[in-house]
Amino acid sequence: MISAKHSMAKRLEGTETSVWVEFGALATETKALNLGQGFPDFFPPQYVTEALHETALSKNPFIHQYTRSYGHPRLVKSLSDLYSVLMNRKVDMLKEILVTVGAYGSLFCAHQGLINPGDEVIILEPFFDCYEPMVKQAGGIPVFVPLRPVKDAPILSSDDWQFDRDELSSKFNPKTKAIIINNPNNPLGKVFTLEELEFVADLCRRHDVIVFADEVYEWLVYKPKKHIRIATLPGMWERTITIGSAGKTFSVTGWKLGWTIGPEHLVKALCIVHQNCNYTCPTPMEEAVALSFEKEIGQLFTPACYYEQLPDELLPKRDKMAAFLSEVGMVPTIPEGGYFMVADFSHLDFKIDENNPERRDYQFVKWMTRNKKLAAIPNSAFYSKQNAHLAKNLVRFCFIKKDETLDKAADIIREWKKSL
């Protein structure tokens with residue numbers, strides 16, 4: 001018998017399972033075409049991999065040793081140069097930037113550094129699944145406000161998913177410490193409008209609430225939609241930490257580098273957590289990302305810029321996926337940003353197992369993975385338990401894939417359609 005002293009810390013209770021582990025393993029086991037997890041199956045830009053190669057062969061021996069804890073000097077300089085333009089203010093490279101192990105690292109440091117036991121944190125649903133456990137592990141109390149479609153149509157836009165203003169307003173109170181805004185939203189691809197962000201900002205100013213702005217998909221926005229950083233709104237820089245990702249920016253999710261941009265008094269708390277956790281990030285990766293930024297900053301907002309090119313390359317992939325999902329009877333939500341697509345499968349003749357306690361969307365994805373060899377993610381994984389029913393007929397697919405991969409998915413769908 002295992003001693004009670006050897007048991008898991010109580011603060012981890014309820015956070016044990018991972019949808020990524022479970023459904024990634026299922027896709028591998030069944031040899032299904034995996035459109036579940038969000039990563040490209042093609043190479044990043046050549047100059048990015050060349051930057052890493054150049055760094056690895058550097059004649060500077062210190063490039064392979066520990067670098068500055070809060071961010072490699074060359075990288076924080078690049079981030080300062082970039083975000084000073086994006087934020088319309090000078091961003092101090094030494095006091096207002098923290099480089100972390102992925103955007104996950106920034107989120108973790110934000111919760112551990114700024115949330116106290118009993119603090120309430122508002123989360124808009126659907127949300128990236130790590131938000132809730134991170135709030136709980138910090139001793140905070142997650143408070144959920146779902147986005148809901150405001151119309152019923154054969155094809156929806158992510159803009160059709162909106163929060164109820166009265167409902168959101170009612171969640172702000174003296175215990176509210178922070179609100180998490182994922183913009184563009186994963187999994188919906190919603191890009192919040194200026195009007196929506198101004199409404200949130202007004203609530204934050206009135207109730208003295210911090211914003212955790214998860215903006216890792218900031219460059220993946222489809223024209224004519226524009227991404228607006230909530231930190232740039234009046235009175236919001238002082239209360240906002242903005243989180244970014246090299247993985248999403250340069251299509252290198254395996255490099256696991258992220259960053260936090262914000263005012264010194266907030267970023268300092270994250271730095272303290274980071275210095276006593278990871279301490280520093282891999283120096284060669286930071287150097288290579290800095291070199292990549294230096295190239296892009298020189299061509300920012302021009303057609304040569306990768307940030308302009310990638311959404312243009314993904315747009316036909318998005319539309320292709322929407323078309324083939326519609327063919328089989330699913331109702332897709334067309335994302336304005338990101339590289340995921342949520343689809344409603346309620347029109348399909350799918351019978352759940354009444355004796356199976358799993359949610360309907362979990363049963364459907366497992367059935368589809370095993371029987372159709374097409375893997376996705378059940379969308380209720382991005383909802384709280386009390387609101388999971390809102391996603392009972394929804395699944396999430398990823399379309400940042402090679403055309404050949406999407407063509408294989410389309411073939412699976414067309415064969416599926418013949419059997420209906």
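In what follows, residues are counted from 1 in the order of the sequence shown.
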Practice task
Anything under 30° is parallel, anything over 60° is perpendicular, the rest tilted; go ahead and classify Phe350 against Phe364.
Solution key: perpendicular
Practice task
Could you go through the side-chain hydrogen bond (donor to acceptor under 3.5 Å, both in side chains) check for Glu125 and Ser384 one step at a time?
Solution key: CA-CA 8 Å; Glu125 297 178 289; Ser384 60; 2.8 Å; yes
Exercise for the section: Quick one: sort the Phe172 and His207 rings into parallel, tilted or perpendicular, breaks at 30° and 60°. Expected result: tilted
Exercise for the section: Could you tell me whether the side chain of Ser84 and the main chain of Val91 form a donor-acceptor pair under 3.5 Å? Expected result: yes
Handout entry: Derivation of the salt bridge (Lys or Arg N to Asp or Glu O under 4.0 Å) call for Asp312 and Lys223
Key = CA-CA 8 Å; Asp312 288 345; Lys223 298 169 184 170; 3.7 Å; yes
Handout entry: Side-chain heavy-atom pair Thr15, Glu132 within 4.5 angstrom cut-off
Key = no
Problem - Min side-chain heavy-atom separation Arg68-Leu94 under 4.5 Å - result: yes
Exercise for the section: Using only heavy-atom distances, determine whether the side chains of Asp344 and Ser346 contain a donor-acceptor pair under 3.5 Å. Expected result: yes
Handout entry: Residues, nucleotides or ligands: over 12 heavy atoms within 6.0 Å of Lys317 NZ
Key = yes
Practice task
Check whether any side-chain N or O of Asn183 sits under 3.5 Å from a backbone N or O of Phe192 as a donor-acceptor pair, and report yes or no.
Solution key: yes
Exercise for the section: Could you please spell out the steps behind the side chain to side chain contact (heavy atoms under 4.5 Å, CB included) verdict for Leu257 and Glu286? Expected result: CA-CA 8 Å; Leu257 275 184; Glu286 292 194 71; 3.9 Å; yes
Handout entry: Cationic tip of Arg205 above Trp237 ring, under 6.0 Å, 45° of axis
Key = no
Handout entry: By side-chain hydrogen bond (donor to acceptor under 3.5 Å, both in side chains) - contacts of Thr249 (at least two apart)
Key = none
Exercise for the section: Working to the nearest 0.5 Å, report the span between CE of Met134 and CD1 of Ile180. Expected result: 9.0 Å
Practice task
Check whether any side-chain heavy atom of Cys204 lies under 4.5 Å from a side-chain heavy atom of Met236, and answer yes or no.
Solution key: yes
Exercise for the section: For the residue pair Trp161 and Asn185, confirm or rule out a side-chain donor-acceptor distance under 3.5 Å. Expected result: no
Exercise for the section: Determine whether more than 12 heavy atoms belonging to other residues, nucleotides or ligands lie under 6.0 Å from atom NZ of Lys366. Expected result: yes
Exercise for the section: Assess the side chains of Ser106 and Thr100: does a donor N or O sit below 3.5 Å from an acceptor N or O? Expected result: yes
Completion exercise
The side chain to side chain contact (heavy atoms under 4.5 Å, CB included) partners of Ala304 (sequence neighbours excluded) come to Gln299, Thr302
Exercise for the section: Carefully, step by step, assess Ser158 and Glu336 under the rule side-chain hydrogen bond (donor to acceptor under 3.5 Å, both in side chains). Expected result: CA-CA 6 Å; Ser158 57; Glu336 301 164 302; 3.0 Å; yes
Exercise for the section: Kindly determine whether Lys177 and Val209 satisfy side chain to side chain contact (heavy atoms under 4.5 Å, CB included), including the steps that lead there. Expected result: CA-CA 5 Å; Lys177 180 68 175 284; Val209 168; over 6 Å; no
Practice task
State, to 0.1 Å, how close Thr369 and Ala376 come at their nearest heavy-atom pair, and which atoms those are.
Solution key: OG1-N, 4.4 Å
Exercise for the section: Could you tell me whether the side chain of Ser292 and the main chain of Ala288 form a donor-acceptor pair under 3.5 Å? Expected result: yes
Problem - Audit row: Val48, Phe43, side chain to side chain contact (heavy atoms under 4.5 Å, CB included) steps and yes/no - result: CA-CA 10 Å; Val48 176; Phe43 285 105; over 6 Å; no
Problem - Cation-aromatic face contact Arg148/Phe163, 6.0 Å, 45 degrees - result: no
Practice task
Report yes or no: does Gln162 contribute a side-chain atom to a donor-acceptor pair with the main-chain N or O of Asp159 at less than 3.5 Å?
Solution key: yes
Handout entry: Val216 vs Phe128 side-chain heavy atoms within contact, under 4.5 Å
Key = no
Exercise for the section: Please state whether the rings of Tyr307 and Phe250 are parallel, tilted or perpendicular, taking 30° and 60° as the class boundaries. Expected result: tilted
Problem - Expected output: side-chain Lys151 to main-chain Asp160 donor-acceptor under 3.5 Å - result: no
Exercise for the section: May I ask you to check whether Asn186 and Arg396 show a side-chain donor-acceptor distance below 3.5 Å? Expected result: yes
Exercise for the section: Please tell me if the side chains of Leu300 and Leu82 come closer than 4.5 Å, counting only heavy atoms from C-beta onward. Expected result: yes
Practice task
Assess the side chains of Tyr83 and Thr242: does a donor N or O sit below 3.5 Å from an acceptor N or O?
Solution key: no
Exercise for the section: Report, as yes or no, whether the 6.0 Å neighbourhood of atom CG on Asp152 holds more than 12 heavy atoms from other residues, nucleotides or ligands. Expected result: no
Practice task
Say whether Thr232 and Asn88, considering side chains only, have a donor N or O and an acceptor N or O under 3.5 Å apart.
Solution key: no
Problem - Output field: ring centroids Phe212/His111 closer than 6.0 Å - result: yes
Exercise for the section: Taking the side chain as every heavy atom from C-beta outward, state whether Thr67 and Pro73 have any atom pair closer than 4.5 Å. Expected result: yes
Exercise for the section: May I ask you to test the Ile297-Val85 pair for a side-chain heavy-atom distance under 4.5 Å? Expected result: no
Handout entry: Side-chain donor/acceptor of His347 to backbone N/O of Gly329, under 3.5 Å
Key = no
Problem - Atom NZ of Lys320: over 12 foreign heavy atoms under 6.0 Å - result: yes
Practice task
Could you label the plane-to-plane angle of the Phe23 and Tyr362 rings as parallel, tilted or perpendicular, counting under 30° as parallel and over 60° as perpendicular?
Solution key: perpendicular
Handout entry: Any donor-acceptor N/O pair, Glu196 side chain to Thr193 backbone, under 3.5 Å
Key = yes
Problem - More than 12 heavy atoms of other groups within 6.0 Å of Lys256 NZ - result: yes
Practice task
Please confirm whether the backbone N or O of Tyr306 pairs with a side-chain atom of Glu296, one donor and one acceptor, at under 3.5 Å?
Solution key: yes
Exercise for the section: Using atom types as modelled and distance alone, determine if a side-chain donor or acceptor of Thr405 lies under 3.5 Å from a backbone N or O of Lys401. Expected result: no
Exercise for the section: Please say which of Phe399, Tyr217, Phe397, Phe39 ends up in a ring pair (Phe, Tyr, Trp, His ring centres under 6.0 Å) with Tyr339. Expected result: Tyr217
Exercise for the section: Report the distance from atom CZ of Arg206 to atom CG of Asp208, rounding to the nearest 0.5 Å. Expected result: 13.0 Å
Practice task
Inspect the surroundings of CD in Glu16 and state if more than 12 heavy atoms from other residues, nucleotides or ligands are less than 6.0 Å away.
Solution key: yes
Problem - Minimum side-chain heavy-atom gap Pro184-Leu220 below 4.5 Å - result: no
Exercise for the section: May I ask you to check whether Glu287 and His72 show a side-chain donor-acceptor distance below 3.5 Å? Expected result: yes
Handout entry: Sub-6.0 Å ring centroid separation between Phe144 and Phe127
Key = yes
Practice task
Cation-pi check, Lys295 to Tyr47: give yes when NZ or CZ is under 6.0 Å from the six-membered ring centre and within 45° of the ring axis, no otherwise.
Solution key: yes
Handout entry: Any donor-acceptor pair under 3.5 Å from Ser245 side chain to Ala103 backbone
Key = no
Exercise for the section: Evaluate whether atom CZ of Arg165 has more than 12 neighbouring non-hydrogen atoms of other residues, nucleotides or ligands under 6.0 angstrom away. Expected result: yes
Exercise for the section: Starting from the C-alpha separation in whole Å, work towards a yes-or-no answer on side chain to side chain contact (heavy atoms under 4.5 Å, CB included) for Ile181 and Asp214. Expected result: CA-CA 6 Å; Ile181 301 288; Asp214 181 354; over 6 Å; no
Problem - Flag if over 12 foreign heavy atoms under 6.0 Å of OH, Tyr66 - result: no
Practice task
Could you tell me whether Arg74 and Glu294 make a salt bridge, using a distance below 4.0 angstrom between a side-chain N and a carboxylate O?
Solution key: yes
